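Note sheet for the following structure.
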Amino acid sequence: MIESILRATLLGLQLGVTFALVAAGLTLIFGMMDVINFAHGALYMLGGYFGYTIATQFGSFWAALVLAPIIVGVLGAAMEKFTLRPLYGRNPLYHILLTYGLAVMIQGVVLEVWGASSQQIPRPGQFTGSITVGPVTYPTYWLFVLVVSTVILTVIWYAIENSNLGILMRASAHDTEMVNALGIDVSKVFTGVFVFGAALAALAGVLLGATRSVNPGMGAGIIIEAFVIVVIGGLGSFKGAVYAALLIGLVTAYGALVAPTLTELFLFVLMAVVLLVRPSGLFGATEAA
Amino acid sequence: MSNDGSQQLGRRQSNSDRQHLSRRGYLAAGAALGSAAIAGCLGGDGDETLTVGMAVPTTGVYALLGESITNGFELFLEENDGEINGQEVEIVSRDTEADTSRGVSITRELITSEGADAIVGPVSSAVAIAMMETIESEGSAVWLNANAGDYRVTRDGCMRYHFRTSFNDWQTSAPLAQWVYDNIGETVCIANADYAFGNNSREFFREAFEEVGGEVVEEVGVPLGTDDFSPYFDDIESSGADAIYSFFAGSDAVNYISQGDDFGLFDEMVQTGSGFLLSEDTLPAQGSAAVGKYSLLHYASTAEQTQDFVAAYRDAYDETANVYAAQGYDSAQAFAAAIEDGGSSDIDDIIDAMRGMEIDSPRGNFRFNEDTNDPIQDMHVREVVDGDDGPENQVVETIENVESPTWDCSIY
């Protein structure tokens with residue numbers, strides 16, 4: 001029993017930090033541009049598929065881990081520049097329709113190019129066995145995912161809080177006009193954030209694509225969890241997204257242990273409770289701010 | 001069938017006009033022929049084209065299955081110059097989208113406006129159950145069920161129009177019980193996807209396993225479409241059973257097998273299951289994790305009698321033929337044989353010809369049960385081994401002429 005709880009905890013933390021990589025982009029993009037990006041799950045899926053192709057064609061997981069996020073980042077740049085940018089400042093409904101359409105298109109392309117059968121990214125050779133610590137045996141690769149995601153999140157967190165770029169990002173989100181007036185090209189910051197969010201989602205796609213199957217439904221699957229995380233954490237808050245992602249990861253893992261069929265319900269109940277108690281999410285800006 | 005009229009009046013027009021014209025043609029024919037058409041006296045005379053309605057998903061997560069069924073069907077036609085009994089065959093495809101209401105509406109469209117003589121499909125059992133009423137009430141097309149294995153189509157539908165050119169879910173579960181008991185052990189833990197098909201398989205296997213003297217010590221249901229299976233492994237492991245029996249398919253099968261391997265689930269327990277757990281569409285992703293596991297199916301791409309089909313399919317589509325392709329191919333074979341034997345495309349003649357028919361299938365010969373139209377076929381226990389191109393299924397034992405229960409269905 002202790003063993004299964006410890007294993008579920010490890011799984012929950014691992015899912016949490018990887019979900020946070022996906023949700024980070026979603027929440028930052030919303031925070032800065034007020035765009036609800038329904039295509040974010042599709043970008044995660046593209047990360048998984050590019051990762052699969054690179055890892056199987058070149059036989060290197062590491063190449064996949066580096067190249068797939070770069071390719072998806074470039075696609076993200078094109079997406080932002082040619083489709084989203086003309087619609088900034090309009091009714092958010094336009095963004096929802098646009099990004100939903102893009103998500104459907106990307107899924108169609110994936111089905112056309114890679115087909116409908118499930119794939120899996122081959123693991124790097126170093127991480128095939130498992131490690132036993134005390135009563136718990138856990139696969140090495142899954143621990144690797146936990147560590148890598150945690151390191152990346154920590155770096156981003158530090159950068160957002162302390163670096164000039166981070167301060168610029170937060171400033172643009174807070175008051176776009178003022179930052180513009182100070183002579184900074186906000187549209188470049190927007191593109192940068194979008195590309196960064198897309199690359200993070202793709203990175204998560206590669207990391208999880210070697211533990212879960214890569215399939216045409218994975219984008220639509222993760223976007224729901226990501227939205228729940230963003231809403232619980234507070235729209236636009238990176239810190240909130242990280243905490244909420246850990247919460248959701250643990251609920252998912254423990255939920256499967258306790259009541260498998262109710263796990264998804266738990267997520268939404270959790271979201272409802274948070275919204276009732278704190279309508280702006282755990283770390284969302286309050287109305288006054 | 002009224003498509004004779006629509007053909008003379010409306011077919012062979014451009015695509016955009018066709019729908020409209022053929023509907024008008026249909027009405028005109030109906031008016032002119034009146035009760036003669038309804039009484040089914042038209043037979044096949046003057047019918048130069050046979051129409052086959054493909055009701056399979058071509059988009060979404062089941063697209064691969066639908067595409068394989070269509071490929072198999074078309075392969076047979078190509079081998080026969082696109083003709084059956086000297087008549088040209090036209091295939092009309094409609095996407096079911098694996099959706100029940102869509103399945104019903106396209107079935108009606110295929111039968112009434114396209115004048116389909118046969119309906120091939122669907123993939124999903126839920127869609128099949130929804131389609132039953134339409135097929136029965138239209139009563140003018142033979143239904144070649146090329147995948148939807150739910151036994152309830154036989155039990156509740158029990159329709160003379162319905163012929164399974166595939167399998168039913170009893171066949172892919174229950175017959176394995178005796179083999180597991182004889183070769184692996186006396187206790188089993190069942191782990192299955194928690195939805196109709198998975199639960200049917202669980203019930204059938206448990207019943208059969210207890211009948212041969214074994215004991216099912218634990219049952220673990222996992223929601224359909226689960227990404228992370230590790231929380232479920234403890235229950236399976238702590239059951240201490242000799243073997244696991246599973247029904248999972250598609251991405252569930254990939255996740256279950258590869259994560260089970262990660263967590264050492266198969267170190268102590270032998271994994272067995274329905275054939276969809278370890279099939280051509282999941283093996284490449286499962287990789288070496290799949291090796292040494294056993295499953296039951298009516299098809300194995302490595303079986304001797306299947307090699308001609310696999311070679312022809314590879315020539316045509318550059319892929320290893322999967323079970324769905326074989327089911328599509330057999331649907332075409334059954335339809336062609338029925339038209340040739342009965343000499344007409346009249347629905348009653350087709351059904352008469354097809355009743356109890358034996359089919360020389362790539363999977364090995366099978367025949368339709370004379371009471372239920374379900375197949376009586378050999379089931380293969382297969383073990384995954386390392387092949388030249390990655391893991392593949394080898395037949396370790398064949399259970400011959402597996403006849404399923406009739407569920408009180410007696411059509412004739």
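Since the model is a prediction, treat every value here as computed from it, not as a measurement. Reminder, nothing fancy here: chain letters follow the sequence lines and each chain counts from 1.
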I'd like to verify something: which residue of [options] has the highest number of heavy-atom pairs under 4.5 Å with chain A?
options: B/L64, B/D261, B/D234; value: B/D234
options: B/A285, B/G225, B/G221, B/A63; value: B/A285
options: B/G287, B/S238, B/S258; value: B/S258

Is the [atom1] atom of [X] crowded by more than 12 outside heavy atoms at less than 6.0 Å?
X: B/D315; atom1: CG; answer: yes
X: B/E203; atom1: CD; answer: yes
X: B/F233; atom1: CZ; answer: yes

Under a 4.5 Å heavy-atom cut-off, does chain B meet the side chain of [X], its backbone, both or neither?
X: A/L208; value: neither
X: A/A256; value: both
X: A/R212; value: both
X: A/L257; value: both

[X] versus chain A, the contacting section by heavy-atom distance below 4.5 Å:
X: B/S251; result: both
X: B/E67; result: neither
X: B/D227; result: both

Taking atom CG of B/N393 and atom CG of B/L283, what is their separation to the nearest 0.5 Å?
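Here the interatomic distance stands at 5.5 Å.
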Pair B/R382-B/S295, side-chain donor/acceptor within less than 3.5 Å
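Side-chain D/A pair, B/R382 to B/S295: present.
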Tell me whether B/R202 is salt-bridged to B/D169, with the criterion being a basic N under 4.0 Å from an acidic carboxylate O.
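No, no charged N to carboxylate O under 4.0 Å.
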If you take the centroid of each ring, where Trp contributes its six-membered ring, are B/Y329 and B/F309 closer together than 6.0 Å?
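When the ring centroids of B/F309 and B/Y329 are compared, they turn out to be within the sub-6.0 Å range.
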Can you tell me which of A/W142, A/Y52, A/Y141, A/Y138 forms the most heavy-atom pairs within a distance under 4.5 Å of chain B?
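It is A/W142.
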Among A/F38, A/F19, A/F268, which residue meets the ring pair (Phe, Tyr, Trp, His ring centres under 6.0 Å) test with A/F227?
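Testing each of A/F38, A/F19, A/F268 against A/F227, the sole residue satisfying ring pair (Phe, Tyr, Trp, His ring centres under 6.0 Å) is A/F38.
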